[in-house]
Amino acid sequence: MTELPPETAAASRRDILIDEITDWLMEQALKGSTLESLLRGTLDGMIAAGLPIARANVGMTTLHPLFEAISYTWTVERGLVEERFPHRDDGISEEWRLSPLKWLIERKLPVLRRRLAGPEAMLDFPLLVDLAEQGYTDYLGWLAVFEEDRYDGAVGSFATMRPAGFTEPQIAAIRRIQARLAVALKVVMREQLTHNVLSAYLGAAAADRVLDGQIKRGDGQTVQAAIWYSDLRGSTELAEQLEAETFLETLDTYFDATAGAVIAEGGQVLLLIGDAVLAIFPVEEGGAADACRQALAATQRAYADMADINARRTVDGAPPLRFGLGLHVGELLFGNIGTRERLEFTVVGRAVNVAARLEELSKTLDRSVLASTDFAKLLPSEAWEALGARELRGLADPVEVMTLAVEHPLERIQEAERRKA
């Protein structure tokens with residue numbers, strides 16, 4: 001049997017490994033993966049195949065309320081590092097404006113090769129100068145466009161520290177893998193975008209349920225939860241006084257303090273109804289007392305955050321923001337309601353109505369926080385004050401109501417005014 005020359009045998013083994021990587025990428029695209037595991041697996045495979053990769057980068061635009069792009073950079077020293085780029089009102093950063101990858105996108109070119117060392121070196125972008133100073137010798141940028149009429153795709157690069165740079169066979173192998181990687185990235189990213197959008201509009205828990213198949217009208221389940229219902233005081237007057245854009249910014253500030261506190265303490269924001277927040281803290285392994293404790297922690301965080309916000313608003317001459325809150329615990333139905341064509345994933349049931357009516361009563365009683373005795377008795381160490389049985393609109397039976405003293409936002413405002421004087 002004739003043996004292959006060593007270089008031919010090595011190339012054959014490399015081709016087999018490259019085929020395994022590309023097959024693996026297609027499997028990951030079909031069965032589902034995360035961007036991180038997809039990239040780590042690809043890079044591990046490339047290194048195992050003998051490709052001299054010392055640095056890799058992948059970037060994609062994304063549909064997310066907090067950031068518009070995401071990138072991953074891998075180096076031998078640091079491993080895979082994620083970076084998210086928030087939406088900017090002042091245009092693009094200088095770093096991105098001078099990037100070789102932006103240059104690729106603008107010209108819709110599939111590849112950019114630059115030697116970083118030796119007589120053929122071409123350092124025509126600031127990034128390439130930096131890479132050359134770090135000891136990289138060759139750079140291969142790439143672009144994969146998913147939509148022709150607009151930029152929707154992935155862009156990235158590979159760099160090496162091999163003294164002679166990439167060989168032509170190595171570049172061919174990298175390009176083969178990169179083409180399959182782009183397909184897998186498109187599939188995985190589309191799935192992630194779907195989850196991002198559903199989470200932004202439905203909440204993370206509801207998004208998971210919808211993606212798990214609960215999309216038919218009537219789908220749902222009974223859950224036990226602590227329920228939070230808050231509402232901004234004087235919103236009608238604020239809407240009359242403020243310009244539309246300023247009023248929307250004010251609502252965002254209010255939601256940052258209230259809904260933001262719910263999320264920070266492990267709750268699930270289900271609905272933003274005008275200027276109201278409906279949220280739940282599901283009863284899990286710790287029991288109903290833990291769920292109520294989370295809701296109360298969110299309450300204290302929200303009022304503390306609002307106090308800080310109002311101290312700043314006072315300095316700016318803006319009116320303080322106040323909100324009322326109703327807290328209850330009980331059983332509710334979590335599922336799909338609506339018409340056949342337009343559904344909403346939310347919670348319904350008497351327990352939700354109790355929380356909403358408690359918030360409504362807080363206006364009449366001029367109290368910041370009202371809770372049912374069902375909620376308060378699970379946290380007996382708190383300084384509750386009983387307000388007696390109260391009739392709640394739309395409910396047949398009276399509800400025993402408790403209140404809790406929380407730091408009123410105006411207290412910090414007055415303190416800030418005293419310090420300023």
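All values below come from the heavy atoms of this structure, side chains included, with hydrogens, waters and symmetry mates left out.
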Next on the checklist: Check for me whether the distance between the ring centres of Tyr303 and Phe323 falls short of 6.0 Å.
Outcome noted: yes
Next on the checklist: Test of understanding: with side-chain contact (heavy atoms from CB on, under 4.5 Å), list the residues that count as partners of Glu331, not counting sequence neighbours.
Outcome noted: Thr222, Gln224
Item to check | OG on Ser372 to CZ on Arg390, rounded to 0.5 Å | outcome: 14.5 Å
Checklist entry - Does the pair Glu95/Arg97 count as a salt bridge with the N-to-O cut at 4.0 Å? => result no
Checklist outcome for this item: The reported gap from CG in Leu35 to CZ in Arg40 (rounded to nearest 0.5 angstrom) is 11.0 Å
Next on the checklist: Using a 3.5 Å distance criterion without hydrogens, assess whether the side chain of Thr403 forms a donor-acceptor pair with backbone atoms of Leu370.
Outcome noted: no
Checklist entry - Is there side-chain contact between Leu131 and Phe125, with heavy atoms separated by less than 4.5 Å? => result no
Checklist entry - If you look at every heavy atom in Ala288 and Val283, which pair is closest and at what distance? => result N-CG1, 3.5 Å
Next on the checklist: Please determine whether side chain to side chain contact (heavy atoms under 4.5 Å, CB included) holds for the pair Val277 and Phe255, giving the CA-CA distance in whole Å, both sets of side-chain angles, and the decisive distance to 0.1 Å.
Outcome noted: CA-CA 8 Å; Val277 177; Phe255 286 131; 3.6 Å; yes
Item to check | Side chain proximity check, Phe166 to Ile174, heavy atoms < 4.5 angstrom | outcome: yes
Item to check | Glu243 CD: over 12 foreign heavy atoms closer than 6.0 Å | outcome: no
Checklist entry - Between Arg293 and Asp290, is there a salt bridge with N-O shorter than 4.0 Å? => result yes
Item to check | Shortest non-hydrogen separation from Glu265 to Gln294 and the atoms involved | outcome: O-NE2, 2.9 Å
Item to check | OG-CG distance between Ser157 and Leu140, expressed to the nearest 0.5 angstrom | outcome: 8.5 Å
Checklist entry - Minimum heavy-atom separation for Ala144 to Gln178, with atom names? => result CB-NE2, 4.3 Å
Checklist outcome for this item: Closest heavy-atom pair, Val354 versus Leu392, reported as atoms and distance to 0.1 Å, is O-CD1, 4.3 Å
Next on the checklist: Evaluate Arg313 against Asp308 for salt bridge (Lys or Arg N to Asp or Glu O under 4.0 Å), listing each step before the verdict.
Outcome noted: CA-CA 9 Å; Arg313 287 177 64 84; Asp308 290 336; over 6 Å; no
Next on the checklist: If you count heavy atoms of other groups shown closer than 6.0 angstrom to CD of Glu245, is the number above 12?
Outcome noted: no
Checklist entry - So, the side chain of Thr160 versus the backbone of Ile53: is there a donor-acceptor pair under 3.5 Å, distance only? => result no
Next on the checklist: Within the structure provided, determine whether Glu83 and Ser71 are in side-chain contact (heavy-atom separation under 4.5 Å).
Outcome noted: yes
Checklist entry - Are there more than 12 heavy atoms of other residues, nucleotides or ligands under 6.0 Å from atom CZ of Arg78? => result no
Next on the checklist: Checking the side chain of Trp384 only, and the main-chain atoms of Leu379 only, is there a donor and an acceptor separated by less than 3.5 Å?
Outcome noted: yes
Checklist outcome for this item: Separation between CZ (Phe158) and CD (Gln170), nearest 0.5 Å, reads 12.5 Å
Next on the checklist: Assess, by modelled atom type and distance only, whether the side chains of Thr253 and Thr250 contain a donor and an acceptor separated by less than 3.5 Å.
Outcome noted: no
Next on the checklist: Is a donor from one side chain sitting under 3.5 angstrom from an acceptor on the other, for Arg233 and Ser362?
Outcome noted: yes
Checklist entry - Mind checking whether Leu296 and Leu404 have side chains closer than 4.5 Å, heavy atoms only? => result yes
Item to check | side chain to side chain donor-acceptor pair (under 3.5 Å) against Ser230, all qualifying residues, sequence neighbours excluded | outcome: Trp228, Tyr254
Next on the checklist: Run the side chain to side chain donor-acceptor pair (under 3.5 Å) test against Asp23 and tell me which residues pass, sequence neighbours left out.
Outcome noted: none
Checklist entry - When rounded to the nearest 0.5 angstrom, what is the spacing between CG in Asp275 and CG in Leu238? => result 9.0 Å
Next on the checklist: Any side-chain to backbone donor/acceptor pair from Asp374 onto Val329? Under 3.5 Å, distance only.
Outcome noted: no
Item to check | Heavy-atom pair with the smallest gap, counting every atom of Ala389 and Pro398 | outcome: CB-CB, 4.1 Å
Next on the checklist: Does this structure show an ion pair linking Arg357 with Glu391, if we count only N-O contacts that are shorter than 4.0 Å?
Outcome noted: no
Checklist entry - Any side-chain heavy atom of Glu36 sitting closer than 4.5 Å to one from Tyr72? => result yes
Item to check | Side-chain heavy-atom pair Val369, Leu327 within 4.5 angstrom cut-off | outcome: yes
Next on the checklist: Between Tyr136 and Arg55, is there a side-chain heavy-atom distance shorter than 4.5 Å?
Outcome noted: yes
Checklist entry - side chain to side chain contact (heavy atoms under 4.5 Å, CB included) between Leu112 and Arg114: does it pass, once the steps are laid out? => result CA-CA 7 Å; Leu112 170 71; Arg114 288 292 187 266; 3.2 Å; yes
Checklist entry - Would you say Arg180 has more than 12 foreign heavy atoms packed within less than 6.0 Å of its CZ? => result no
Item to check | From CA spacing to verdict: salt bridge (Lys or Arg N to Asp or Glu O under 4.0 Å), Arg367, Glu359 | outcome: CA-CA 9 Å; Arg367 302 287 183 140; Glu359 185 285 319; over 6 Å; no
Checklist entry - Less than 4.5 Å apart, any side-chain heavy atom of Val76 and any of Trp74? => result yes
Next on the checklist: Using side chain to side chain contact (heavy atoms under 4.5 Å, CB included), reason through Asp138 and Arg162 one step at a time and then give a plain yes or no.
Outcome noted: CA-CA 8 Å; Asp138 209 347; Arg162 181 174 177 268; over 6 Å; no
Checklist entry - About how many Å separate CD of Glu249 and CG of Asp256, when rounded to the nearest 0.5 Å? => result 11.5 Å
Checklist entry - Of all heavy-atom pairs between Ile177 and Leu25, which one has the smallest distance, and what is that distance? => result O-CD1, 3.9 Å
Checklist entry - Does the side chain to side chain contact (heavy atoms under 4.5 Å, CB included) test come out yes or no for Val399 and Thr373, once each step is laid out? => result CA-CA 8 Å; Val399 173; Thr373 52; 5.8 Å; no
